[in-house]
Structure formats: C-alpha cells, structure tokens
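Below you'll find the structure, written out as structure tokens, and then a few comments.
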Amino acid sequence: MRYEKQSDPFYRSALWRRARRQALERDLFLCVECIAAYRRGELFAPRPATVVHHIVPRALRPDLALALDNLQSLCDACHNKKHPEKGGGTRSERPERKGVRVIKV
C-alpha cells in the first residue's frame, strides 16, 4: 500500500513557515541525524536539511506543533527512515525468502 500525500492547511500557515524557518536556522540548514552520524564517523559529511520533522507527532500533541524543542531538521533520507509507512524507511527492496532451498548437483 502506497502512502498518498494529502494537503494539510497547517503546513501552509504563516506560523508554521516561521517555526520551520527558525528550526532550519537553528540547525544550520543541516540534517541533525546526519550530523550525529558524522560525529560517530559513520558519514563523510552531513546532508542539507529539506524537511522539518515533529519529534512528537502533531496528532498526539497538537500543543507542541510549533514548539522549537519538538522540531528537528532532517534530510529526505532520514525523514523517510522515521516514516516507513510513507514509502521510505529501511525496508529491503528484495522480498524475504522463507523455507529451505535445495540445489541438486
């Protein structure tokens, strides 16, 4: 099942655009997950942030929707890992094989 993106008026509001900009500026327009991986030596360089992610989802805590402490800047790849239900994530492209495979020689 493929996730269908729906337009949410919240993300077009001036308040959201301002909070999003502040989060990106705070994080220097870099992905915070990539920065952490870079510091651990797992990544050559952090990627630019393209998405501002709600740490605690708006559906659970609408009062935190604009709180900078609840926002983090992410690149598309890291954001997709946080939301595998939207078509991204760490799922394998190859189908998982089950059972025993017998090869005759």
Side-chain angles (χ1 to χ4, degrees):
M1 180 169 88
R2 187 85 177 145
Y3 174 80
E4 294 296 325
K5 186 173 183 177
Q6 297 178 4
S7 181
D8 185 342
F10 171 80
Y11 293 110
R12 292 190 303 270
S13 72
L15 289 173
W16 167 249
R17 289 193 310 256
R18 186 177 311 121
R20 181 183 187 279
R21 180 72 178 188
Q22 289 173 342
L24 288 168
E25 287 174 352
R26 176 198 63 202
D27 299 330
L28 303 175
F29 294 89
L30 295 173
C31 174
V32 296
E33 294 288 327
C34 288
I35 289 171
Y38 171 74
R39 288 182 179 157
R40 291 188 305 265
E42 299 170 1
L43 195 64
F44 180 70
R47 292 182 283 246
T50 54
V51 178
V52 174
H53 172 73
H54 288 94
I55 299 166
V56 178
R58 279 180 46 227
L60 297 178
R61 291 290 305 272
D63 58 311
L64 296 178
L66 300 171
L68 284 178
D69 291 343
N70 190 41
L71 302 176
Q72 62 182 178
S73 304
L74 298 174
C75 65
D76 286 333
C78 290
H79 190 247
N80 287 339
K81 288 177 189 174
K82 301 248 183 210
H83 292 287
E85 75 279 4
K86 294 182 181 179
T90 57
R91 289 182 286 189
S92 173
E93 293 298 321
R94 295 175 53 187
E96 183 179 320
R97 295 180 185 250
K98 295 182 179 178
V100 176
R101 185 173 179 191
V102 177
I103 300 174
K104 292 184 180 181
V105 185

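Note that the structure is a prediction, hence the values are computed from the model and not measured.
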Rounded to the nearest 0.5 Å, what separation is found between the [atom1] atom of [X] and the [atom2] atom of [Y]?
X: R61; Y: I55; atom1: CZ; atom2: CD1; result: 12.5 Å
X: D69; Y: L66; atom1: CG; atom2: CG; result: 12.5 Å
X: L74; Y: L30; atom1: CG; atom2: CG; result: 11.5 Å
X: S13; Y: R18; atom1: OG; atom2: CZ; result: 9.0 Å

Take atom CZ in R12; do more than 12 heavy atoms of anything else shown fall under 6.0 Å from it?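 Yes.
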If you measure only the distance, is there a donor-acceptor pair under 3.5 Å linking the side chains of S73 and R26?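 Checked: S73/R26 side chains show no N/O donor-acceptor pair below 3.5 Å.
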When you check the gap from the basic side-chain N to the acidic O, do E33 and K81 get nearer than 4.0 Å?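 Judged by the 4.0 Å cut-off on N to carboxylate O distance, E33 and K81 do not form a salt bridge.
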Using every non-hydrogen atom in the two residues, find where [X] and [Y] come nearest and quote the distance to one decimal.
X: A65; Y: F10; value: CB-CZ, 3.8 Å
X: L68; Y: A19; value: CD2-O, 3.6 Å
X: C34; Y: C75; value: SG-SG, 3.8 Å

Check: V56 main-chain N/O paired with N70 side-chain donor or acceptor under 3.5 Å: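 Indeed, once roles are kept as given, a pair shorter than 3.5 Å links the two residues.
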Please identify each residue that fulfils side chain to side chain contact (heavy atoms under 4.5 Å, CB included) with Y11, with sequence neighbours left out.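 Residues passing side chain to side chain contact (heavy atoms under 4.5 Å, CB included) with Y11: D8, W16, H54, R58.
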Does one hydrophobic cluster hold both F29 and L71, with members joined at side-chain heavy-atom distances below 4.5 Å?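 They do share one cluster, since a chain of ILVMFWY contacts under 4.5 Å joins F29 to L71.
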Check whether any side-chain heavy atom of R47 sits under 4.5 Å from a side-chain heavy atom of C78, and report yes or no.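 When only atoms from C-beta onward are counted, C78 and R47 do touch, with a gap below 4.5 Å.
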